[in-house]
2 protein chains.
Amino acid sequence: MVEQSPAELDAVFHALSDATRRRMLARLASGEASVGELARPFAMSFAGASKHVKVLESAGLVRRRIDGRIHHCRLEAAPLAEADAWLRHYERYWTRTLDRLEALLKAEDRPKHDKGNAR
Amino acid sequence: MVEQSPAELDAVFHALSDATRRRMLARLASGEASVGELARPFAMSFAGASKHVKVLESAGLVRRRIDGRIHHCRLEAAPLAEADAWLRHYERYWTRTLDRLEALLKAEDRPKHDKGNAR
DNA sequence: GCGATACTGAACCGTATGGTTGAACAAAGC
DNA sequence: GCTTTGTTCAACCATACGGTTCAGTATCGC
């Protein structure tokens, strides 16, 4: 597997590795928000939250439009698609696990026959 | 959107935020490997690579089976599925973006008609 | 037993991270 | 013009990170 842009992926996954930032993205999924609106739900200083927004922005996950003194933030999901593409390379591994589990459960249902029949 | 296990996701995304660790996972996708085999491709001390393996392990992405002096590592993809599930909440946003792009390209093909027809 | 091999642990280093506070700035509202 | 509001910036702090080196432990082969 070859990565075309490791540094970008680094930034995106790092941005996602913090629950505060993930919740901010979740908020942005329901529409644009100012930095203040993004900060409000958190027991954290305004400046602290502002830093988180900057991390999201520099990972390309948030676009900022400055309108007077208000900074409007918009979700920019394209980098998430890249991260998802990376993850899905491993999809067959976790589905295989689920398949094994399913086969196991089926085998428990009728333990006397159907041997070696579970894909 | 509610997260059921923020700390786990933190650990998984953090583990993925380093290109060295992502390459180790890629290596493990092609089969079990010892810590030494995982370390070999990198211009890095053995101990350094061993630390990376530990990060992957504590994120639940790697299972270790100790056989004599060799530590065999196996890919454990289930946590990746969790991360993927999180990401896919945003799928519609990036597909929407791609749709817009597609519509734009179509509009360029025939710029005189088909106005307002791009979803 | 002895040396080589496979690995972890501990100590250390420089830098990044997540957080704070307080000052600064620009734009609105009065 | 003055105050309030929305926001960043700079400085600072503690802790975590990615890396190193060196020592330690366990196992294998002879």
Side-chain angles (χ1 to χ4, degrees), chain A residues 3 6-28 31-76 79, chain B residues 3 6-28 31-75:
Chain A
E3 289 185 11
E8 278 179 38
L9 271 186
D10 280 12
V12 172
F13 280 128
H14 169 247
L16 295 179
S17 74
D18 184 286
T20 300
R21 290 192 289 263
R22 287 198 303 276
R23 283 179 58 199
M24 285 180 167
L25 288 180
R27 165 66 187 78
L28 287 175
E32 273 198 8
S34 70
V35 174
E37 284 165 348
L38 288 177
R40 202 158 304 140
F42 301 101
M44 184 186 301
S45 70
F46 200 101
S50 167
K51 277 191 184 183
H52 279 299
V53 174
K54 207 159 73 173
V55 171
L56 291 170
E57 193 184 12
S58 63
L61 292 167
V62 157
R63 278 265 289 273
R64 189 190 302 249
R65 174 175 50 85
I66 300 178
D67 182 21
R69 58 186 166 175
I70 295 181
H71 295 213
H72 297 275
C73 300
R74 205 179 72 212
L75 178 62
E76 193 67 61
Chain B
E3 290 185 12
E8 279 179 37
L9 272 188
D10 281 13
V12 172
F13 280 127
H14 169 248
L16 295 179
S17 74
D18 184 285
T20 300
R21 289 192 289 264
R22 287 197 304 276
R23 283 179 57 198
M24 285 180 167
L25 289 180
R27 165 65 187 79
L28 287 174
E32 273 199 9
S34 69
V35 175
E37 285 165 346
L38 288 177
R40 202 156 306 141
F42 300 101
M44 186 187 297
S45 71
F46 200 100
S50 168
K51 275 192 185 180
H52 280 300
V53 174
K54 205 158 76 172
V55 171
L56 290 170
E57 191 183 13
S58 63
L61 292 167
V62 157
R63 278 267 289 275
R64 188 189 303 250
R65 173 176 50 85
I66 299 178
D67 181 21
R69 57 186 165 175
I70 295 182
H71 295 212
H72 297 275
C73 299
R74 205 180 71 215
L75 177 63

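Computed from heavy atoms alone, side chains included, the values below leave out hydrogens, waters and symmetry copies. Reminder, nothing fancy here: chain letters follow the sequence lines and each chain counts from 1. Keep in mind it's a predicted model, so treat the numbers as computed, not measured.
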*Asks:* Does any part of the side chain of His71(A), heavy atoms only, come nearer than 4.5 Å to the side chain of Ile66(A), both counted from C-beta?
*Replies:*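 The answer is yes, as the side chains (C-beta and beyond) meet within the 4.5 Å cut-off.
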*Asks:* May I ask you to decide if Ala15(B)'s main-chain N or O and Arg21(B)'s side chain share a donor-acceptor pair within less than 3.5 Å?
*Replies:* yes
*Asks:* In whole angstroms, how far is the C1' atom of dC7(C) from the CD1 atom of Ile66(B)?
*Replies:*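 Computing the Ile66(B):CD1 to dC7(C):C1' distance gives 9 Å.
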*Asks:* For Ser34(B), which contact category applies under a 4.0 Å heavy-atom criterion: base, sugar-phosphate, or nothing?
*Replies:* sugar-phosphate
*Asks:* Kindly give the heavy-atom pair with the smallest separation between Val12(A) and Pro79(A), and that separation in Å.
*Replies:* CG2-CB, 3.7 Å
*Asks:* Under 4.0 angstrom, heavy atoms only, what part of the nucleic acid is Arg21(B) near: base, sugar-phosphate, or nothing?
*Replies:* sugar-phosphate
*Asks:* Please enumerate all residues that pass salt bridge (Lys or Arg N to Asp or Glu O under 4.0 Å) together with Asp10(A), with sequence neighbours excluded.
*Replies:*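 With neighbours one apart ignored, the set is Arg22(B).
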*Asks:* Rounded to the nearest 0.5 Å, how far does NZ of Lys54(B) lie from CG of Leu56(B)?
*Replies:*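 The CG atom of Leu56(B) sits 12.5 Å away from the NZ atom of Lys54(B).
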*Asks:* Using whole Å, report how far NZ of Lys54(A) lies from C1' of dG19(C).
*Replies:* 14 Å
*Asks:* To the nearest Å, how far apart are Ile70(A) CD1 and dG6(D) P?
*Replies:* 7 Å
*Asks:* Can you confirm whether Leu25(B) sits close enough to Val62(B) that some side-chain heavy atom of one is under 4.5 Å from a side-chain heavy atom of the other?
*Replies:* yes
*Asks:* Would you kindly give the CD-to-C1' distance between Glu57(B) and dC7(C), to the nearest whole Å?
*Replies:*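 Checked: the CD to C1' distance equals 13 Å.
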*Asks:* What is the separation between atom CE on Met24(B) and atom P on dG18(D), rounded to the nearest whole Å?
*Replies:*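 For the pair Met24(B) CE and dG18(D) P, the rounded distance is 12 Å.
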*Asks:* Write down the distance between NE2 (His72(B)) and P (dT5(C)), rounded to a whole number of angstrom.
*Replies:*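 About 18 Å, once rounded to whole Å.
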*Asks:* Can you give one letter per nucleotide of nucleotides 20-30 of chain D, going 5' to 3': B for a protein heavy atom under 4.0 Å from the base, S for sugar-phosphate only, - for none?
*Replies:* BB-----BS--
*Asks:* Considering residues at least two apart in sequence or located in another chain, which fulfil the salt bridge (Lys or Arg N to Asp or Glu O under 4.0 Å) criterion with Arg69(A)?
*Replies:* none
*Asks:* Grab the NE2-C1' distance between His52(A) and dT7(D) for me, whole Å please.
*Replies:*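 His52(A) atom NE2 is separated from dT7(D) atom C1' by 16 Å.
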*Asks:* Quick test: give all pairs of protein nitrogen or oxygen and nucleotides 13-16 of chain D nitrogen or oxygen below 3.5 Å, distance rounded to 0.1 Å.
*Replies:*
none

*Asks:* Can you give me every donor-acceptor pair (side chain of residues 37-47 of chain A, partner residue at least two apart or in another chain, under 3.5 Å) with its distance?
*Replies:*
from	atom 1	to	atom 2	distance (Å)
Glu37(A)	OE1	Ser34(A)	N	2.9
Ser45(A)	OG	Gly48(A)	N	3.0

*Asks:* Does Glu8(B) have any side-chain hydrogen bond (donor to acceptor under 3.5 Å, both in side chains) partners at least two apart in sequence or in another chain, and if so, which?
*Replies:* none
